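The first residue of the sequence shown is numbered 1, and numbering continues consecutively from there. Everything quoted here is computed from the prediction, not taken from an experiment. First listed ligand is number 1; within each ligand, the first listed atom is number 1. What's counted below: heavy atoms across the whole structure, side chains too, no hydrogens, waters or symmetry copies.
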Amino acid sequence: MDLLLDLSAARGRRRGIETALRDAVRGGRLLPGATLPSTRTLAADLGVARGTVVAAYAQLVGEGYLAPGPDGHVVRSRSVATTRTGASAVAAPLVDLHPGEPDPTSFPMAAWLAALRRAARDAPADVFAYGDRQGARQLRVALADYLGRARGVVADPDRIVVCSGAVEGLRLLAEVVGGRIAMEDPGLFVHRRVVTRTGATVVPVPVDELGADPTGLDARAAVLTPAHQFPLGMALAPERRLAFVEWARRTGGLVVEDDYDGELRYDRQPVGAVQGLDPEAVVYVGTASKSLGPALRLAWMVLPEHLLEPVLTRIGTSTTVPTLDQLALAELLASHQYERHLRRRRLAYRDRRDQLLAALGPDVEVRGVAAGLCALVVLPTAEHEDRATALAIERRIRLFGLGPNWHGERRFHGVLVGYGRPPAHDLRRSIEVLTELLGDVLAG
Ligand SMILES: Cc1ncc(COP(=O)(O)O)c(C=O)c1O
């Protein structure tokens, strides 16, 4: 184990080592449970006598910062650092209903490991070199095949760019396009912030029961969630899909199609991608965050020709996604295990959705349940929503209000229930905790 200690402030050597270790523990650089280097190793690294380190460790054991363990000295959990990191540990939710996240325990670990092993075994040595900034070719080829078949995307591997999450794709596009960028209102607040941070101006486009409406739109690009509007949950109506494509053709604008959960549709045929209507006017953005897990940070864009170079220039010289992970996903796609996994998850999430609806009963208005991993439970007033989110914090339930997703005025209210997130064995309890909370909010 390497340990970097700042001894510059040292008076004596032993005192210097003690102070540096104490500061590292207090400041959280050394976390509870961390094992320190052996006294022999640290002494050699610092160029001091071993006895000096032994004495410094002994002093910190006495002060309660360290404890001797079978494999060496470890940082004790009741140190000051614990209080700091402990704050988030205390805040760890008892029930996690984070909207739009898949159940992490459903990750297809066996298939992923097998795919990773195959990918690593067959990969040339340069898999460990700086990867193709556009993404591994094998993945782009596999994606082109899959997206064409399953999502109706016109996808040429040479037009696909692999990126580190849909959010990264959106950031790159906002940088390239700049100026006025239309975003659905309501829409994911994180995306609004990302676009704003690039210096672009977000133009809110109100969403009605047919989805967003491009009438009179003055913008360079429009970011849409056509298959399943986030957070209200409707599919963009066919006439609106056409209207956006026509708007883009007429004005030279760009439609950015965020197909974040288009693969998870429950009650009817999947809604195909808008991109298929005009691949030169629409950027298609897909992600593995809902199908596999957001920790992979694996997403892809299918770009019109004129955007390819500007986007690649902004990516720089190397891919932003680990090449081995890209190759593993390529394997999963090519072997159709990805689709098999999705088919199983669709059934499981539809069942969860049905359990949630049954528990909420007919008197609660719920939207957006035809697809995805999250339902909008509508509440009568902003006060109800605020009370629900405050109670959720108090009861350590991870539950988000609709509010932050409005770019302008909050037009109606509710909470976003991520029924995909709890592990299967805990779903019933999670739903009970939610219904109890909603009962209290509506009664109060
Ligand atoms: C509307 C929307 N788009 C995209 C994503 C996925 O983003 P990423 O691929 O960055 O995880 C999410 C995830 O929550 C989302 O809600």
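Not a single heavy atom of Glu101 sits less than 4.0 Å from an atom of ligand 1.
Ligand 1 has an N or O atom lying under 3.5 Å from an N or O atom of Ala166, backbone or side chain. Annotation: Val167 places an N or O atom under 3.5 Å from an N or O atom of ligand 1; distance criterion only. Considering backbone and side-chain N/O atoms, Tyr260 never comes within less than 3.5 Å of an N/O atom of ligand 1.
By the 4.0 Å N-to-carboxylate-O rule, Arg180 lies close enough to Asp218 to be salt-bridged with it. Looking at Asp156 and Arg159, no side-chain N of the basic residue comes within less than 4.0 Å of a carboxylate O on the acidic one, giving no salt bridge.
Taking every heavy atom of Gly165 and a limit of under 4.0 angstrom, the matching atoms of ligand 1 come to 9 (O), 10 (O). Against a heavy-atom cut-off of under 4.0 Å, Asp258 is close to the following atoms of ligand 1: 1 (C), 2 (C), 3 (N), 4 (C). Within ligand 1, counting atoms from 1 as listed, the ones closer than 4.0 Å to a heavy atom of Arg297 are 8 (P), 10 (O), 11 (O).
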Show your working on side chain to side chain donor-acceptor pair (under 3.5 Å) between Ser291 and Tyr338 and close with a plain yes or no. CA-CA 8 Å; Ser291 53; Tyr338 182 80; 2.7 Å; yes
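In summary, the side chains of Thr319 and Gln326 do present a donor paired with an acceptor at a separation below 3.5 Å, with no hydrogens or angles considered.
From the protein, the heavy atom lying nearest to atom 12 (C) of ligand 1 is Lys290 NZ, 3.5 Å. Looking only at protein heavy atoms, the nearest one to atom 16 (O) of ligand 1 is Leu188 CD2, 3.6 Å. At the top of the distance list for atom 11 (O) of ligand 1, counting protein heavy atoms only, stands Ser289 OG, 2.6 Å.
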